[in-house]
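These notes concern the structure reproduced below.
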Amino acid sequence: MTIKGFKNHPYIPNSVPEVQKEMLEEIGLNSLEDLHEAIPDFLKLKNNMNLPKAIGSEYELRRHVEDILKKNKTCKDNLNFLGAGCWQHYVPAICDEINSRGEFLTAYGGESYNDFGRFQALFEYESLVGELVDMDVVNVPTMDWGQAAATSIRMASRITGRKEAVVPKAMDNEKFLIMKNYCSPDIQLIQVDYVKGTGQLDLVDLKNKVSEKTAAIYFENPSFLGFIEEDGQKISDLAHKYDAISIVGVDPISLGVLTPPSQYGADIICGDLQPLGIHMNYGGGQSGFVATRDEEKYVMEYPSRLFGIAPTSVEGEYGFGDVAFDRTSFGNLREQGKEYVGTQTALWGITAGVYLATMGPKGMEEIGQTIMQKSQYATERLNEIKSIKSPLFNSVNFKEFVVDFNETHKTVQEINKKLLEKGVFGGKDLSSDFPELGQCALYCVTEIHTKTDIDKLVAALEEVLKS
Amino acid sequence: MTIKGFKNHPYIPNSVPEVQKEMLEEIGLNSLEDLHEAIPDFLKLKNNMNLPKAIGSEYELRRHVEDILKKNKTCKDNLNFLGAGCWQHYVPAICDEINSRGEFLTAYGGESYNDFGRFQALFEYESLVGELVDMDVVNVPTMDWGQAAATSIRMASRITGRKEAVVPKAMDNEKFLIMKNYCSPDIQLIQVDYVKGTGQLDLVDLKNKVSEKTAAIYFENPSFLGFIEEDGQKISDLAHKYDAISIVGVDPISLGVLTPPSQYGADIICGDLQPLGIHMNYGGGQSGFVATRDEEKYVMEYPSRLFGIAPTSVEGEYGFGDVAFDRTSFGNLREQGKEYVGTQTALWGITAGVYLATMGPKGMEEIGQTIMQKSQYATERLNEIKSIKSPLFNSVNFKEFVVDFNETHKTVQEINKKLLEKGVFGGKDLSSDFPELGQCALYCVTEIHTKTDIDKLVAALEEVLKS
Amino acid sequence: MKRINRSAKIRNFHQAKWDEPIIFELSKKGERGILVPQAEESIVKAVGDGISNIPNQMRRKESPNLPEISQARVLRHYMRLSQETLGADVNIEIGQGTCTVKYSPKVNEMLARLPEMTELHPLQDEGTVQGILEIMYQTDRFMCEISGMNRFSFQSGGGSQAVMTMASIVRAYHDEREEAQQRDEVITTIYSHPSDAAAPAVMGYKIIYIHPDENGFPDFEAFKAAVSKRTAAFIVANPEDTGVYNPRVKEFTDLVHSVGGLCGYDQANANGLFGVTRAKEAGFDMCFFNLHKSFSTPHGCGGPAVGAVGVVTELEKYLPGPLVDYDNEKYFMNYENSNTPYNIGKVRIFNGVAPVVLKAYAWIMSMGAEGLYEVAKIAVLNNNYLFKKLMEIECIDAPYIRGKQRIEQARYTLEKLTEDTGITSGDVQRRMMDFGMHYWTSHHPYYIPEPMTLEPTETPSKEDLDEYVAAIKQIVKEAYESPEIIKTAPHRSVCHKLDETSLDEPSEWAISWRSYLKKTDPID
Amino acid sequence: MKRINRSAKIRNFHQAKWDEPIIFELSKKGERGILVPQAEESIVKAVGDGISNIPNQMRRKESPNLPEISQARVLRHYMRLSQETLGADVNIEIGQGTCTVKYSPKVNEMLARLPEMTELHPLQDEGTVQGILEIMYQTDRFMCEISGMNRFSFQSGGGSQAVMTMASIVRAYHDEREEAQQRDEVITTIYSHPSDAAAPAVMGYKIIYIHPDENGFPDFEAFKAAVSKRTAAFIVANPEDTGVYNPRVKEFTDLVHSVGGLCGYDQANANGLFGVTRAKEAGFDMCFFNLHKSFSTPHGCGGPAVGAVGVVTELEKYLPGPLVDYDNEKYFMNYENSNTPYNIGKVRIFNGVAPVVLKAYAWIMSMGAEGLYEVAKIAVLNNNYLFKKLMEIECIDAPYIRGKQRIEQARYTLEKLTEDTGITSGDVQRRMMDFGMHYWTSHHPYYIPEPMTLEPTETPSKEDLDEYVAAIKQIVKEAYESPEIIKTAPHRSVCHKLDETSLDEPSEWAISWRSYLKKTDPID
Ligand SMILES: Cc1ncc(COP(=O)(O)O)c(C=O)c1O
Ligand SMILES: Cc1ncc(COP(=O)(O)O)c(C=O)c1O
């Protein structure tokens with residue numbers, strides 16, 4: 001065994017040999033090697049692991065990693081129109097300031113006695129999202145929208161005792177795969193078609209697929225393809241007619257201008273917090289939420305932690321704690337509790353809270369309106385290009401919209417490649433997930449796009465299509 | 001008057017009209033206009049100021065400023081060999097982490113009862129720099145090295161009651177101008193020549209200029225031109241012989257390997273903290289320090305605040321306060337106190353403290369050694385280029401050195417322009433401040449330069465000189 | 001001046017206490033926290049107000065009842081809340097057993113916050129994300145070397161989701177073999193993490209628990225009795241949170257294999273074993289590492305995080321895709337296994353939490369093989385030093401094997417203290433806060449009575465450990481001398497003892513501010 | 001559950017108290033906080049150890065006695081100290097009169113921390129720093145518009161240095177006119193900042209103080225008597241920290257001009273006057289703005305900062321150079337005035353603190369002319385609301401003129417409180433800390449007995465002001481009912497009442513840790 005000691009590492013105070021000696025003496029051992037005597041020899045590694053040599057200094061480490069990262073081309077230095085589940089919105093400075101505060105960044109599982117601020121911030125986050133979706137109960141965030149939707153369906157299944165859920169065919173395939181895996185093996189997901197011209201959920205097909213076996217109807221608003229699903233109330237009514245649960249997935253940044261699903265019959269609302277002050281992070285910014293009314297039958301089915309407010313032994317003092325803790329897998333019932341809980345995305349929850357507190361009602365209204373205006377402008381300008389149809393569907397869009405390139409006789413892939421050369425990231429290529437649409441792409445326009453940006457896209461596309 | 005109200009600005013909570021009304025009522029006024037009735041009408045502006053329209057949102061502001069800043073080319077994306085009073089060293093992440101903590105960043109003039117952490121951090125900074133320079137007293141930082149040197153001379157002048165100070169001719173002209181202005185009108189600065197071959201202070205000339213009228217001899221180590229001033233003790237002895245004070249300006253990052261001036265007779269030490277964990281900031285990172293022995297006659301001449309440690313009414317508790325506060329212009333004597341005090345560069349002091357606490361003795365030794373090795377390597381490699389002499393002076397260098405381009409028959413300006421095209425920032429052109437040297441440049445090599453970087457410089461220079 | 005006497009061992013601590021209102025109470029009609037970009041006039045001219053064409057029923061009628069607060073006040077509020085949070089950056093993190101809270105170097109955080117990381121869209125063209133792909137690829141390679149596994153996926157957003165991913169793989173594996181119906185049991189141990197039971201249960205598995213023998217090893221006889229053709233998998237931590245390493249682990253995994261089951265290793269807290277022993281040699285088919293624990297990326301109050309799931313070659317095709325590959329020229333997303341018929345699909349959207357992978361990469365690069373080995377040594381040294389010191393306190397015990405070292409953590413019992421004084425482990429937990437310390441009892445149920453679970457990692461110094469022990473000693477002393485101070489603790493925290501009665505009472509609990517307002521009567 | 005009663009007006013506050021050792025006490029031999037890059041082997045081969053050739057007497061023999069501490073512990077230490085510091089980000093900043101502590105927007109800080117700002121060397125080729133030059137140039141333009149002056153220099157690193165710069169200009173101006181000998185007096189007022197006297201004194205000037213008349217205006221008769229051929233300059237704040245605006249200011253400046261002197265306006269705290277009135281119209285030849293005060297850039301515990309000095313055209317040639325200019329194509333450093341014979345030279349190395357200028361630029365751009373005017377209005381509104389509320393408290397008074405509004409701050413007196421109860425303003429200061437508040441007495445000497453100087457700026461909301469007043473009221477009540485609690489305050493801060501005796505005693509004071517150790521005997 002030739003493993004050499006590693007002395008005085010800045011991250012390991014007790015790597016100092018003298019200290020080790022003192023501590024070893026205290027526990028009655030002679031050498032560090034003795035520490036692992038509990039592990040049988042035949043299980044022990046005989047050689048050093050084959051890893052790159054440690055970088056010798058923080059400076060070199062930084063330069064090394066920065067050199068690698070420089071190979072990335074960012075949405076800041078380029079013009080990005082990708083959305084499809086991860087959206088480029090403006091992140092207020094205050095959001096980054098708060099989530100980089102060491103205390104929040106490095107806290108974990110303490111009690112409210114130690115981590116009072118964490119509990120309050122997450123309680124407030126719950127409350128703020130509650131106002132946005134107009135519901136009384138919101139969970140401490142889960143992984144992402146996909147997980148939130150999957151859990152919503154499992155909740156519905158437990159509440160109704162049923163094993164089928166109806167979902168739209170026109171949804172994000174990745175999200176569908178998450179839900180499918182998480183609902184396996186017992187819950188079946190049944191896909192409902194959309195209306196060809198409008199993209200709206202096909203109510204005829206839906207009626208055929210809903211039955212007494214249906215635990216829930218899950219749909220999204222705005223839909224994955226960016227338009228506003230207009231028949232929310234009808235869909236919810238249909239669910240309720242069969243004593244099924246109406247679950248709506250929502251992009252929270254739309255809720256300054258769009259009706260919250262609770263107001264058109266949703267029993268469970270879920271969605272992604274990433275638009276609310278969280279960087280895209282190559283998809284690492286996603287964070288799921290679930291919201292319901294404050295009814296025991298719903299609350300008791302959440303797998304997540306739910307932070308509640310409560311008094312303390314001192315008058316006038318707020319306290320916080322876990323509501324119905326034993327409901328979770330951290331409670332006494334373990335796997336008999338609801339699904340499972342663990343590390344999720346709490347810091348993004350706190351961040352979304354900061355975002356909503358900063359934006360306020362006016363900010364949320366205005367951002368919704370700005371997004372509507374800018375995306376409509378983009379839609380219209382693109383539609384002026386002869387061979388392009390924009391939007392493909394005859395519905396009102398929010399933020400995203402399908403652009404039809406079929407008439408260009410070029411593939412979206414080709415077009416996007418050319419756009420890339422001009423520093424433009426074109427919309428998501430839909431041709432493999434939605435083969436029936438041929439060559440279409442999902443474009444995303446938010447408050448960060450200026451008129452100049454949009455005009456630049458149009459000009460770039462015109463050039464690309466000319467060549 | 002057509003100034004329109006500006007409602008609900010995020011930075012001005014009481015810009016809400018309803019609140020204004022309530023407050024105005026409380027103070028018995030009818031309108032905001034009445035608030036300034038103390039100002040005679042003829043002094044009032046009649047029109048809006050002619051300023052650009054406010055940028056409407058944080059996002060646009062950010063994009064606007066970032067677009068401007070993008071016009072800068074940084075020392076991170078280019079290869080920089082400029083030093084000359086502002087040096088590119090590695091800034092440990094922990095330094096930025098601490099000085100961006102909102103509490104430190106936005107604190108100001110509170111008492112130790114409110115700002116205990118600020119007092120402790122600055123007391124510790126004083127103590128840490130004290131160890132580095134081997135002195136018992138260090139001030140809360142002043143503006144920059146130039147200011148620190150100027151104040152040191154004023155201190156010496158008050159202590160000795162004399163009005164002349166001897167300074168090296170081979171020093172930074174900008175620094176000299178600061179000192180000259182600050183010492184005016186009463187103190188005269190007399191320049192001492194350097195030895196032609198070595199750059200060392202010319203002891204013969206020095207002897208001629210020192211007299212009973214001399215308050216202080218000020219010299220630097222390493223000198224402005226980068227070499228180690230070898231006769232420190234002799235110079236100090238000479239000062240002391242005339243009951244003058246020996247002041248040494250020092251680059252603190254050299255003190256892991258170089259003797260602290262207190263050990264060769266310096267009575268006052270000054271210098272710049274910028275190398276100790278502070279970004280260059282286009283020259284905004286400079287921060288001066290002054291250090292002396294703990295003798296009343298010295299301590300009582302500091303104009304700066306000096307934070308001292310003291311007990312409190314509770315056993316075992318540390319407290320901090322201003323030592324000899326009345327000495328300063330903040331004390332009861334105002335202008336009869338020592339010079340003046342005010343906002344200086346405290347945050348850089350805290351930062352330098354973090355740096356020194358992080359580096360420790362070993363880190364300071366190693367960085368000194370690394371800098372010596374790398375700069376020697378650069379000197380030697382450059383000297384291999386035929387038409388270049390490097391270093392010009394026959395002395396041992398620390399970090400910086402003079403490169404002689406006279407034989408290239410090109411001006412430094414031309415050369416630097418060509419280097420710039422290759423992404424290399426060449427050394428400071430000395431031709432106007434040191435006309436006697438002809439075409440020479442002051443190069444700076446620190447721990448951040450890799451062998452590859454230095455080799456790149458050499459190759460670039462070779463190419464430039466060939467063309 | 002006399003020298004100030006600093007000989008006290010117990011810190012004279014008080015947590016920042018700001019008595020902050022709930023954010024809604026800060027609302028003042030009309031205040032704004034930020035201004036939002038408006039559409040340019042020419043856009044407005046072109047498209048109008050943008051919202052009139054929203055179908056009426058889908059147009060929000062009343063603005064959301066969010067608070068209206070100026071920016072400085074929002075900032076102040078959250079700054080204060082942050083000070084009221086005992087993150088690892090300010091604390092001696094020893095008292096969160098099985099959480100592996102270690103130092104998260106600031107340099108790594110700064111790297112992860114560069115726009116070259118934060119401003120990447122997950123669907124960007126591969127050519128534009130070569131940097132982050134390289135990092136993901138290399139980290140996969142490192143994980144393989146550390147575990148002996150063959151391929152890693154970084155999709156799982158935490159350890160529990162990693163267990164879920166393992167359970168999904170188990171299901172897919174047996175599905176492909178058409179044994180899914182028959183194999184409906186997952187075996188674990190009582191001291192493995194609750195998620196090792198709960199996540200497989202979501203996937204439809206019955207959970208069989210193995211209890212420890214008198215040494216604290218999972219009872220091999222009981223295990224033999226449990227393993228059968230119904231066994232889908234054995235999912236276990238080793239050591240469990242008792243810190244006892246099961247030396248016969250290979251016999252366990254062999255047995256499971258012999259009946260056709262799979263073995264998944266919960267290596268959330270792997271840092272005591274780096275470079276010492278690996279999943280592969282112990283016979284596991286899968287394992288996961290919590291990058292936010294053993295690999296030092298910060299916990300963020302509970303995520304974002306990564307549970308990196310590694311598998312042997314045979315199981316690679318089940319891993320959620322895409323995986324990052326390298327063709328000697330460029331890095332690319334490999335969708336191959338996503339397209340295999342029994343692939344589990346996705347567990348998290350896109351490519352997992354890439355910044356966490358980046359931080360783990362940077363940490364590993366600052367350690368190297370020797371550094372990781374040192375981490376393991378010191379984590380174990382620290383734990384056993386702490387163990388020794390605590391066991392010297394009379395009323396503290398730790399069940400199970402003596403003589404051998406615990407690995408990186410241990411579960412203790414304060415049963416005797418409770419018997420002697422009535423002070424429970426929960427009481428001690430609250431009192432520890434008065435000294436600025438985390439303290440954790442254990443997961444539920446409390447198999448060990450009055451449990452206390454501590455895990456020091458390699459981060460604390462000997463002084464930190466001594467300070468922690470001194471605080472425990474102080475509390476033990478108080479328990480015998482003045483228990484009231486403990487029962488009424490905390491005294492130096494943001495809040496005092498919680499009145500928990502409402503939290504389990506549907507008519508009273510309040511999970512949001514609006515709910516609280518509805519359920520309580522205004523004070524007049 | 002009953003609603004929690006939050007009607008208390010006084011915050012139940014405690015500052016974070018960590019009881020941290022001095023950093024040296026954390027030292028453990030052998031620990032490292034960071035590793036430093038080493039010269040590559042090939043370099044070592046080429047040049048050796050690099051240090052042997054240091055002349056022996058210049059080679060350090062014993063390492064500096066710095067502490068040896070692992071990185072996490074250094075971080076923890078400073079994180080804790082930061083929590084123990086009442087920065088404006090966490091506090092209601094009202095109690096630091098004449099400091100203009102307002103909100104420093106985080107977005108500006110983030111901009112200033114971009115590498116395009118931090119990683120610039122001041123001697124870089126102009127072509128490579130067009131961005132920062134543009135910002136400096138534009139900010140100069142803005143300042144000119146705000147003040148009516150003609151040209152600004154950003155070299156001064158604070159307001160006091162700005163006064164020094166003005167005094168230097170005064171000297172240069174009279175030098176050029178060969179009147180420097182004769183003109184050796186600078187006139188100021190007792191309520192102007194101490195630096196308005198102290199900095200000119202460094203430049204060799206005798207200081208003449210004008211006292212206020214019964215209204216609080218600088219006494220014009222006394223002023224007339226003081227002005228003479230010996231007058232080099234009049235340097236004054238208006239309003240001074242009493243908040244009283246001198247409406248006859250133009251008569252003052254006219255008088256000084258009539259004898260050949262210059263007038264310098266201390267506009268450190270200008271935010272009450274933005275868009276309302278300017279230095280130019282009041283007849284000043286020079287003025288300065290504290291960007292770190294009125295223009296919102298953070299104070300940083302006392303710098304880095306910028307005192308932007310503006311002058312009329314005639315004085316431009318004395319300004320320290322270089323200045324930034326624009327030739328309609330590119331921005332450049334103009335050294336013209338540096339080369340004029342009577343130029344003052346430099347006051348700060350290089351180009352001043354550019355990131356502070358950047359932050360001020362961003363702040364102005366987020367305000368515009370209307371926003372700046374609103375700042376002035378609200379700063380004055382806040383101050384006068386506070387004034388009204390405080391003056392309702394019986395034992396609080398503020399000397400001088402009634403009826404007219406104070407501008408952005410005011411100096412009060414607690415003389416009656418002291419007479420009644422023995423509680424001094426200094427006592428109140430300490431007690432305010434128990435409610436988490438700054439409180440400032442005044443500059444010395446205390447011309448107004450038992451002074452209290454408050455300046456709210458436009459940042460606090462009405463609620464913040466009310467909370468501040470409530471705390472003062474509470475203390476006043478205590479002063480009459482239970483003064484002991486005030487005399488022994490603070491109770492909820494990091495430390496208790498300081499024993500100040502050693503601080504003025506040369507044999508006892510300790511300005512560094514090593515000095516403290518030398519001067520005190522070890523405890524055994
Ligand atoms: C042994 C073990 N397994 C699994 C987990 C779950 O990991 P996570 O918290 O990331 O969901 C943990 C975390 O506490 C753990 O310690
Ligand atoms: C009126 C006035 N003048 C001058 C100054 C000095 O400014 P600085 O603190 O930046 O040196 C101040 C600062 O308090 C001030 O308020």
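For clarity, every value in this text was computed on a predicted model and none was experimentally measured. Order of the sequence lines sets the chain letters (A, B, ...), proteins ahead of strands, with each chain counted from 1.
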Among the options A/Arg101, A/Glu339, A/Glu296, pick out the one with the most heavy-atom pairs lying under 4.5 Å from chain C.
-> A/Arg101
By a 4.5 Å heavy-atom criterion (distance strictly below it), what part of A/Asp144 contacts chain C: side chain, backbone, both, or neither?
-> side chain
Do A/Val299 and A/Leu306 come close enough that some side-chain heavy atom pair is under 4.5 Å?
-> yes
When the 4.5 angstrom heavy-atom criterion is applied to A/Tyr108 and chain C, the contacting part is both
Considering only heavy atoms, which portion of C/Asp49 lies under 4.5 Å from any heavy atom of chain A: side chain, backbone, both, or neither?
-> both
Between C/Glu116 and A/Lys70, does at least one N-O distance fall below 4.0 Å, as a salt bridge requires?
-> no
Tell me, for A/Glu380 versus chain C, whether the close heavy atoms (under 4.5 Å) come from the side chain, the backbone, both or neither.
-> side chain
Side chain from CB out, backbone as N, CA, C, O: work out which of these in C/Met79 comes under 4.5 Å of a heavy atom of chain A, or both, or neither.
-> both
C/Glu40 side chain reached by C/Val44 side chain, heavy atoms, under 4.5 Å = no
Given that the side chain runs from C-beta out, which part of A/Glu447 has a heavy atom under 4.5 Å from chain C: side chain, backbone, both or neither?
-> both
Greatest number of heavy atom pairs closer than 4.5 Å to chain A - which of C/Gly300, C/Ala88, C/Ser104 | C/Gly300
Check each atom of C/Ile146 against the heavy atoms of chain A and say whether the ones under 4.5 Å are side chain, backbone, both or neither.
-> both
Where does C/Arg113 contact chain A at under 4.5 Å (heavy atoms): side chain, backbone, both or neither?
-> side chain
Given that the side chain runs from C-beta out, which part of A/Leu420 has a heavy atom under 4.5 Å from chain C: side chain, backbone, both or neither?
-> side chain
Does atom NZ of A/Lys53 have more than 12 heavy-atom neighbours, drawn from other residues, nucleotides or ligands, at distances under 6.0 Å?
-> no
In terms of heavy-atom proximity below 4.5 Å to chain A, should C/Ser502 be classed as side chain, backbone, both, or neither?
-> side chain
Region of C/Ile378 in contact with chain A, defined by heavy-atom distances below 4.5 Å = side chain
Report the option among A/Trp145, A/Tyr90, A/Phe307, A/Tyr318 that has the most heavy-atom pairs separated by less than 4.5 Å from atoms of chain C.
-> A/Tyr318
Region of A/Leu132 in contact with chain C, defined by heavy-atom distances below 4.5 Å | both
Heavy-atom pairs under 4.5 Å with chain A, option from C/Gly131, C/Pro64, C/Ser195, C/Gly127 with the top count | C/Gly131
Using salt bridge (Lys or Arg N to Asp or Glu O under 4.0 Å) as the criterion, list what pairs up with A/Asp96, not counting sequence neighbours.
-> none
Are a donor atom and an acceptor atom from the side chains of A/Asn181 and C/Ser168 found within less than 3.5 Å of each other?
-> yes
A/Phe330-C/His443 aromatic ring centre distance below 6.0 Å = yes
Could you look at A/Leu24 and say if it's the side chain, the backbone, both or neither that has a heavy atom under 4.5 Å from chain C?
-> both
Please state whether the side chain, the backbone, both or neither of A/Glu97 comes within less than 4.5 Å of a heavy atom of chain C.
-> side chain
By a 4.5 Å heavy-atom criterion (distance strictly below it), what part of C/Asp125 contacts chain A: side chain, backbone, both, or neither?
-> side chain
A/Asn332 versus chain C, the contacting section by heavy-atom distance below 4.5 Å | both
C/Gln71, part contacting chain A, at a heavy-atom distance under 4.5 Å | both
Do C/Asp504 and C/Trp509 come close enough that some side-chain heavy atom pair is under 4.5 Å?
-> no
Could you tell me which portion of A/Ile98 (side chain, backbone, both or neither) has an atom closer than 4.5 angstrom to a non-hydrogen atom of chain C?
-> side chain
If one checks every heavy atom of C/Val375 against chain A at 4.5 Å, the contacting part turns out to be both
Turns out that what part of A/Arg118 lies under 4.5 Å from chain C's heavy atoms comes down to both
For C/Leu498, is it the side chain, the backbone, both or neither that has a heavy atom under 4.5 Å from a heavy atom of chain A?
-> both
Chain A contact via C/Ala198 - which portion, at a heavy-atom distance below 4.5 Å = both
List in chain and number order the residues that pass ring-ring contact (aromatic ring centres under 6.0 Å, His included) with A/Tyr377, two or more places apart in sequence or in another chain; answer none if no residue qualifies.
-> none
Best-contacting candidate, C/Met433, C/Glu145, C/Lys388, against chain A by heavy atom pairs under 4.5 angstrom | C/Glu145
So what's closer than 4.5 Å to chain C heavy atoms on A/Asn416: side chain, backbone, both or neither?
-> neither
What closest approach, in Å, do A/Gly319 and A/Phe116 show between heavy atoms, and which atom pair accounts for it?
-> CA-CE1, 4.2 Å
Whatever's closer than 4.5 Å to a heavy atom in chain A on C/Phe142 counts as both
Using the salt bridge (charged side-chain N to carboxylate O under 4.0 Å, His left out) rule, take A/Asp294 and C/Arg514 through it: C-alpha gap first, then chi angles, then the decisive distance, then the call.
-> CA-CA 10 Å; A/Asp294 184 3; C/Arg514 59 199 246 142; over 6 Å; no
Structural part of C/Gln429 lying under 4.5 Å from a heavy atom of chain A | side chain
Side-chain heavy-atom pair A/Leu128, C/Pro67 within 4.5 angstrom cut-off | yes
Does the side chain of C/Leu503 reach to within under 4.5 Å of the side chain of A/Asp322, using non-hydrogen atoms?
-> no
Which portion of A/Lys180 sits near chain C, non-hydrogen atoms under 4.5 angstrom = neither
Heavy-atom contact with chain A under 4.5 Å, split by part of C/Glu20 | both
Highest number of heavy-atom pairs under 4.5 Å with chain A among C/Ala180, C/Ala305, C/Gly159, C/Ser42 belongs to C/Ser42
Based on non-hydrogen pairs under 4.5 Å, which of C/Pro304, C/Gly345, C/Gly33, C/Ala39 is most in contact with chain A?
-> C/Pro304
Check whether the side chains of A/Asn281 and C/Thr118 place a donor and an acceptor atom closer than 3.5 Å, and report yes or no.
-> no
Do C/Lys404 and A/Glu37 meet the salt-bridge criterion of a basic N to acidic O distance under 4.0 Å?
-> no
Would you call C/Arg32 and A/Glu366 a salt bridge, using N to O less than 4.0 angstrom?
-> yes
Are more than 12 heavy atoms from other residues, nucleotides or ligands located less than 6.0 Å from atom NZ of A/Lys362?
-> no
Engaged part of A/Met364 at the chain C interface, taking heavy atoms whose separation is under 4.5 Å | side chain
Could you tell me whether C/Lys377 and C/Glu374 make a salt bridge, using a distance below 4.0 angstrom between a side-chain N and a carboxylate O?
-> no
Please confirm whether A/Arg154 makes a cation-pi placement over A/Tyr182, using NZ or CZ under 6.0 Å from the six-membered ring centre and within 45° of the ring normal.
-> yes
